[in-house]
Amino acid sequence: MTCKEAFQEISKYLDGELSEELKRALHEHVGRCAHCKVVFDTTVKTIELYCDGKLFPMPENIRNRLHDLLRRKFHERAV
Amino acid sequence: MHYTSMMALEVNRLEKGTDRLTGKSMSAQPQKATERAESELIAEAKAGNGDAFEELVNRYERRIYRLALRLVGNTQDAEDVLQETFLKAFEHLPDFREDSRFYTWIVRIAVNEGLMKLRKRKSDRSEPIEDAVDDQGQVMPREFRDWKPNPEQLLSQEEMERVLLDAAHKLPASLRTVFMLRDVEELSTGETAEALGLTPGAVKARLFRARFQLREELSKVFKSEKSLDL
Ligand SMILES: [Zn+2]
């Protein structure tokens, strides 16, 4: 497997779409190619950072305004 | 990387998916109860019960807010998107068909609202909205330096949020949206395609570009000083 091929397969690997054979070939390539190892590791890390559930909490005042708005809407509808 | 550590990574990612899957509905047993309750809530809300609709809002508002913020990049616009999303969902609830997940349905509304927001402010910002994206185009990695260990510990939460939003906003909205739905919200390729009116192939091609472009952007922030020893 070449670096170019490895790069193409990383995204499919992350989606669980690689055959066992390609998976082994990718593992093997990444195991001996420092460049592709960095690309692989940092791509995984990129996704992990965005998935951190502690980030971007909804402020309580935003929640309150949303529910006030909806209740006004329900009320209009009911009248 | 050794074969075993890569396997561990894969397992880790698979388990994470499972975790988040069950995390949405606690565990296997209550999952069914939750799903049943959701369809009951939807039926009641369709009949005009505001409390039932509010209960649905309670379940998804945090995720919709987060998604909106990641798409539009600031809290003010994210709040507008959040409000518009649930107002529209309430208005159009009679149109909701139970052959798709309720969450997928409101995500689609939120994405449309978010993209509309971005188009509105396109005039006063230089941010790319529509894809200058050729799905066949070649993306190749440029940065090969490894990152400093534990990047999440290098920054405060607010700094990290800023870095992630800034990096995401270097991408056209068409790529950013696919990344947020697939990798962050963990919608399936099919659900993402449905929400965005794309083919599954286009979703995969955009996800591929989005992942690696974000990696390049974050590398600028997190790369270690020393270059790779080859
Ligand atoms: Zn390589």
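The chains referred to below are lettered A, B, ... by the order of the sequence lines, with proteins before strands, and numbering in each begins at 1. Hydrogens, waters and symmetry mates play no part in the numbers below; they use all other heavy atoms, side chains included.
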Undergrad: Can you label the angle between the Phe53(B) ring and the Phe74(A) ring as parallel, tilted or perpendicular, going by 30° and 60°?
TA: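 Correct class here is perpendicular.
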Undergrad: Please flag which part of Arg71(A) lies under 4.5 Å from any non-hydrogen atom of chain B: side chain, backbone, both or neither.
TA: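 The answer is the side chain of Arg71(A).
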Undergrad: side-chain contact (heavy atoms from CB on, under 4.5 Å) between Asn58(B) and His67(A): does it pass, once the steps are laid out?
TA: CA-CA 9 Å; Asn58(B) 287 337; His67(A) 285 259; 3.0 Å; yes
Undergrad: Which one wins on heavy-atom pair count under 4.5 Å against chain A: Arg70(B), Glu143(B), Met160(B)?
TA: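 Highest number of pairs under 4.5 Å: Arg70(B).
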Undergrad: Taking C-beta and beyond as the side chain, do Leu66(A) and Glu54(B) meet within less than 4.5 Å on heavy atoms?
TA: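 They are not in side-chain contact.
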Undergrad: Please set out all donor-acceptor pairs under 3.5 angstrom arising from side-chain atoms of residues 151-158 of chain B, sequence neighbours excluded.
TA:
| unit_1 | atom_1 | unit_2 | atom_2 | d |
| --- | --- | --- | --- | --- |
| Glu152(B) | OE1 | Lys45(A) | NZ | 2.7 |
| Ser156(B) | OG | Glu159(B) | N | 3.1 |
| Ser156(B) | OG | Glu159(B) | OE1 | 3.3 |
| Gln157(B) | NE2 | Lys54(A) | O | 3.0 |
| Gln157(B) | NE2 | Glu161(B) | OE2 | 3.2 |

Undergrad: My understanding is that only residues two or more places apart in sequence, or in another chain, count here; which of them pass side chain to side chain contact (heavy atoms under 4.5 Å, CB included) with Lys117(B)?
TA: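 Lys117(B): side chain to side chain contact (heavy atoms under 4.5 Å, CB included) contacts with Val72(B), Asp77(B), Asp80(B), Val81(B).
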Undergrad: So if I take each residue of residues 86-96 of chain B and look for any heavy atom under 4.5 Å from a heavy atom in chain A, which residues do I end up with?
TA: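 Phe86(B), Leu87(B), Phe90(B), Glu91(B), listed by number.
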Undergrad: Do you know which of Val57(B), Val163(B), Thr189(B) has the most heavy-atom pairs under 4.5 Å to chain A?
TA: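 Most heavy-atom pairs within the cutoff with chain A belong to Val57(B).
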Undergrad: Name the orientation class of the two ring planes belonging to Tyr50(A) and Phe179(B) (parallel below 30°, tilted from 30 to 60°, perpendicular beyond 60°).
TA: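 Because their plane-to-plane angle is over 60°, the rings of Tyr50(A) and Phe179(B) count as perpendicular.
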Undergrad: Within a radius of less than 6.0 Å around CD of Glu60(A), do more than 12 heavy atoms belonging to other residues, nucleotides or ligands occur?
TA: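 Buried by this count: over 12 neighbours within 6.0 Å.
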Undergrad: Applying salt bridge (Lys or Arg N to Asp or Glu O under 4.0 Å), name anything that partners Arg62(B), two or more places apart in sequence or on another chain.
TA: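 So Arg62(B) forms no salt bridge (Lys or Arg N to Asp or Glu O under 4.0 Å) with any residue.
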Undergrad: How long is the gap from OG1 on Thr46(A) to CD on Glu216(B), to the nearest 0.5 Å?
TA: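 If I round to the nearest 0.5 Å, the distance is 9.5 Å.
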